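Here the structure comes first, spelled out in structure tokens, and everything after it is commentary.
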Amino acid sequence: SKNSLHYLLSASEYKMKDSFLILKGIVSNMRDIDGVVAYSVFQLPSNNSYRNEILNKIVKKGKTIFFAVEQMKVSNKKEIRHINSIWKIKKTLPSCLKEI
């Protein structure tokens with residue numbers, strides 16, 4: 001409601017590791033919808049190429065993907081870069097020194 005969106009339907013992804021079949025299907029058939037609302041940025045593929053492929057398709061079609069937890073959206077290339085920066089941090093954190 002914060003973004004004046006009209007909720008049409010719900011789609012749930014399969015609970016298999018690295019499964020994005022439902023998201024890929026939604027992105028391929030976005031003709032009649034304005035965009036997608038996801039729970040978190042971290043529901044996107046961790047694979048950089050695959051994540052960029054999905055986000056670029058959304059942007060190229062003039063659509064938007066919203067992320068509820070982070071209160072963020074992606075509707076242009078700059079916002080894709082921002083999401084990728086967040087993913088870089090997430091992937092780097094496990095390698096950071098931990099307090100002893």
Side-chain angles (χ1 to χ4, degrees):
S1 64
K2 275 185 182 180
N3 294 298
S4 300
L5 300 174
H6 180 68
Y7 180 76
L8 295 177
L9 60 103
S10 175
S12 297
E13 191 61 72
Y14 294 110
K15 190 180 172 157
M16 294 181 290
K17 185 176 168 68
D18 297 324
S19 175
F20 302 98
L21 294 173
I22 303 298
L23 178 59
K24 189 175 178 182
I26 290 170
V27 171
S28 294
N29 298 303
M30 293 184 80
R31 182 179 53 241
D32 297 328
I33 61 173
D34 294 324
V36 176
V37 177
Y39 179 71
S40 174
V41 166
F42 301 114
Q43 288 184 292
L44 291 169
S46 59
N47 178 284
N48 296 338
S49 297
Y50 196 36
R51 183 176 60 255
N52 280 316
E53 177 186 332
I54 289 171
L55 293 175
N56 281 311
K57 280 183 182 180
I58 292 170
V59 168
K60 189 174 183 180
K61 292 178 180 194
K63 308 296 183 173
T64 302
I65 182 167
F66 296 88
F67 303 100
V69 171
E70 297 85 6
Q71 297 182 16
M72 298 174 66
K73 69 176 177 67
V74 171
S75 61
N76 60 51
K77 299 266 185 197
K78 181 179 178 185
E79 292 166 343
I80 291 174
R81 287 191 299 272
H82 187 70
I83 295 296
N84 285 329
S85 294
I86 291 169
W87 267 98
K88 284 179 188 175
I89 292 167
K90 179 181 174 55
K91 289 180 173 183
T92 303
L93 282 175
S95 302
C96 294
L97 290 175
K98 295 185 171 111
E99 195 173 319
I100 298 175

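Source: prediction; values computed, not measured.
V69 and L55 are assigned to two separate hydrophobic clusters, defined by single-linkage of ILVMFWY side chains at heavy-atom distances under 4.5 Å.
Taking CD1 of I54 as the reference point, atom CG of L23 lies at 4.5 Å (rounded to 0.5 Å).
Nearest heavy atom pair, residue S40 against residue E70, reads OG-OE2, 2.7 Å. A pairwise comparison of heavy atoms in R51 and I83 identifies CD-CG2, 4.4 Å as the closest pair.
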Side-chain polar contacts of residues 58-65 - donor-acceptor pairs under 3.5 angstrom, sequence neighbours left out - could you list them?
| from | atom 1 | to | atom 2 | distance (Å) |
| --- | --- | --- | --- | --- |
| K61 | NZ | V27 | O | 2.6 |
| K61 | NZ | S28 | O | 3.4 |
| K63 | NZ | M30 | O | 3.3 |
| K63 | NZ | I33 | O | 2.7 |

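Residue pairs that meet the ring-ring contact (aromatic ring centres under 6.0 Å, His included) test with at least one member in residues 78-98, sequence neighbours left out, are F42-W87.
The side-chain hydrogen bond (donor to acceptor under 3.5 Å, both in side chains) test applied to K91 returns N48, not counting sequence neighbours.
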